[in-house]
Every structure is written in structure tokens, then in C-alpha cells.
Peer 1: 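Here it is, the structure in full.
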Amino acid sequence: MTRIVVVGVSDPPDDVLIANIASGDREAFAEFYRRHRAAVCRFAAHMCGSTAAAEDIVHEAFVAVMDSAVRYRPGQSTGRLWLFGIARNYVRRARAVRPTLSLEDETPARDRALTIDTDPVGDIERRRHIQALRRAIVALPVRYREAVVLCDLQELSYVDAAATIGCAIGTVRSRLHRGRAMLARQFCGRTGNAASPEPVEGCPMPVTRTMS
Amino acid sequence: MTCRQLIPDVIDFARGLALDRSREAAVEEHLRSCAACTALAERERAMSAALRRLASDERVSPHSDVRLGRLLAIFDAPRPRSRRTTVSVGLSLAASVLIVVGLSVGWRSDAAKPSASGVVAVTPTPPANAETGFVVLPGALALPRLESGQVIRVELPSADGAIQADVLIGQDGLARAVRLVQ
């Protein structure tokens, strides 16, 4: 087994870490985990609406990294996108096994107890908006949800999101736009035109009129 | 341009993406005169702001040495071969079996060819060719000249791992001779 050492670089790039993981380097694996766990966990939580399920997906994805590292081809993808691709498969699998996931506010009681509310009413309102949006995202069909989560929440470019999903750039763009339109309807509970002018509680969106 | 044609750019513009200069100018000009698209842009800006709040609010559990420790234990443990490796090994074995079966069928069809009198001709196994190291397969009619045939290298599973052998295929497509690769 050959371990790659990059001289003069304190944080080795992902490609080097993955090559070393393939060679059995446990420290490289630990570093790769520390570097990307939070992002993968957020991605999985947004996709399935449950932080508990997200933790399971993170675990499974990193176990898969151990076996898949030998097949990683630098240049075809980046380490982060490759990992998102793996996690995406486990998200889809998890949804097939457990199609209804918790949408509860899973903020641990310990975390809430430590929060100091400077504007309790505003904070409650803000949290209600966020919860409503989170529910609306989880209710989206998976192809549109993926586009929204990757492009808007993970802030990937169309190119990177397309590489992660494995589809054309134009497809990601149209899915994102469609997903956002569906999100606006679900989030605000209106059809996207002025016919239902009353804003739904918790919706911060302005009324949208019909396009010509 | 109609609203419908411009909507994708209006959404990207409202999301804060960098459009090229001409597209951005077209969107800005359109928004000055179209109330519906202006409302759409406002909605998309509000949506982006709400999504940013959600993204920044999403808390993940802090890094846990216990979780990492569990993964490292799996990393250290001897793992069974991955499914893909198992499949490729299976395919190699299947290919090897096919080659062996093919060789045996070729030998049988040559060896069991009855003569005109109905008597099966038995050809004694010729000795190895000292120059090339090929051993003529039992029943093969004759060892063709090396340059007139085709040599295919195969890998066969053995108790010690794998052995390699060269199979000499005659111009008629039948295996004629074999040699082990040292």
C-alpha cells in the first residue's frame, strides 16, 4: 500500500485523502470524515427532514467511502460532490424503506435551553417560517427537492449539482425553477396568482401574479 | 422576448446568479416594464432569503468522537470484498470455465471424428515443441506454425491464486496447443 504525502501542505486535498483511504490510511479517513460530515449531514437532513435519519445516512455513506475509495477517479468529480453522490443514494434508499420521516422540530432540548431569546416573539415567528419551509421542502417530489437542496441550501452551482445528480445542467436548472415554484405554492398555500390574495400564516412571500 | 422566454433568467437573476452582460441587461429592461415578472422576481428573492435562513438555521449534531470511533472500528476490521469485486471475480471465473469448456469441446470434436470406415482415429499426443514451449492438445490435428495462429493469454484460478496460460488458436478457430506462462 502506498501512502501519498503532500509536502508543504497542511490540509491535503480531498483527492489525496481519498487515495490514502484506498490505501488503508485510517488518519486520512478520519480527516475526510471531519471535513465533510457536517455538510453531508445537512444535505441528508434537508432531503429527508429528520436529523436522526440523517445521522444514519452519514454513517452509511462513510462506510461506503471505505469500499468506494479505490474506484474514485480524480478529475471526474471532487471529493465533496462524490460524497454527496454516495449520500444521495442512501437518502433514496432510506426513503424507500421509511417513506414517512419525522418532520418534528428535532432541535435538542439542551440546545434550546441554552438559547437566549432577545426577541422571543420574533424568534417564534422566525422558527415557524423555517418549520413551514422545511415541511414544504420535504413534501416536494424528490427530483425537485434534490435540485432545491443542492443549489439553494448547499449552494452548489448548476454544473456541480448536475454532476452530483448525474443529469444535464439544463435539467437541474429547470428542476430547480419548477421546485421553487412548487415550494412557493406549498409554502404559501396559494396557486401563484392573485386569485387567493390572503397570505397564509407564516408565509413571507409577496403575492405573485399570472405571467403573460 | 416574451415573459415565458425570460422567466428562467429572471429567476436566476433574482437568485443572485451572475448572468452574462447581455442577458442581465435584457432581464433588467424587461423588469422595468413588466409588473408580473417584477412580482415573480420579488417572490424569488424572498424565497432565496427564506432558504438562506433555513440553511443557516439547520443545526447538525456536533462532531462526535464516538461516531467517528465506530466508523474507524469498521475501517480497521477486515472487510468482505465489495459486491462489485465479487461480481468481477465471478465474471472472471465464468470466463475461465467457458474457455475450459470450449477447449474440451474443440478437442472432442477433433478426436471423435470417425473415419470413413466408422473407426475413431486416435492421435497420439505429440510432444511439446521445444522452441515455443507449446504442448499440442490431445486430439488436435497438427501444431500450426506459431505465426499462422493466434495466441490468447488466459488466467485460470488455482489453489495458489491464478495461473496464466497461452492458448494457440488455429486458423479454423479451434484450440490447438497450450503453454503455461512462467
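Lettering follows sequence order; numbering is per chain, from 1.
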Peer 1: What is the distance from atom OH of Tyr72(A) to atom CG of Asp15(A), rounded to the nearest 0.5 Å?
Peer 2: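 Output value for this atom pair is 3.5 Å.
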Peer 1: What part of Val70(A) is in contact with chain B, defined as an atom under 4.5 angstrom from a non-hydrogen atom: side chain, backbone, both or neither?
Peer 2: neither
Peer 1: Between Ala181(A) and chain B, with a heavy-atom cut-off of 4.5 Å, which part of the residue counts as in contact: side chain, backbone, both or neither?
Peer 2: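 It is both, since atoms from each part get that close.
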Peer 1: Taking atom CD of Gln164(B) as the centre, report whether more than 12 heavy atoms of other residues, nucleotides or ligands fall under 6.0 Å from it.
Peer 2: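 Yes, because the 6.0 Å sphere around CD of Gln164(B) holds more than 12 heavy atoms from other groups.
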Peer 1: Exactly one of Arg175(A), Arg178(A), His177(A) should register a side-chain hydrogen bond (donor to acceptor under 3.5 Å, both in side chains) with Tyr144(A). Which one does?
Peer 2: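 Of Arg175(A), Arg178(A), His177(A), side-chain hydrogen bond (donor to acceptor under 3.5 Å, both in side chains) with Tyr144(A) is met by Arg178(A) alone.
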Peer 1: Taking Ser77(A) for the side chain and Arg73(A) for the main chain, is one N or O donor matched with an acceptor at less than 3.5 Å?
Peer 2: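 Such a contact is absent between Ser77(A) side chain and Arg73(A) backbone.
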Peer 1: Quick one: which residues of residues 8-19 of chain B reach chain A at under 4.5 angstrom, heavy atoms only?
Peer 2: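 Against chain A, the residues of residues 8-19 of chain B that fall inside the cut-off (heavy atoms, under 4.5 Å) are Pro8(B), Asp9(B), Ile11(B), Asp12(B), Arg15(B), Leu17(B).
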Peer 1: Tell me, do Arg88(A) and Phe43(A) make a side-chain contact under 4.5 Å, heavy atoms counted?
Peer 2: yes
Peer 1: Ala45(A) versus chain B, heavy atoms under 4.5 Å apart: side chain, backbone, both or neither?
Peer 2: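 Ala45(A) touches chain B through side-chain heavy atoms alone.
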Peer 1: For Glu55(A), is it the side chain, the backbone, both, or neither that has a heavy atom closer than 4.5 Å to a heavy atom of chain B?
Peer 2: side chain
Peer 1: In plain terms, say whether Glu31(A) and Arg26(A) are close enough for a salt bridge, that is, a side-chain N and a carboxylate O under 4.0 Å apart.
Peer 2: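 Salt bridge absent between Glu31(A) and Arg26(A).
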Peer 1: Taking the side chain as every heavy atom from C-beta outward, state whether Met66(A) and Leu71(B) have any pair of such atoms under 4.5 Å apart.
Peer 2: yes
Peer 1: Quick check for you: to the nearest 0.5 Å, what is the distance between Arg127(A) atom CZ and Arg134(A) atom CZ?
Peer 2: 7.0 Å
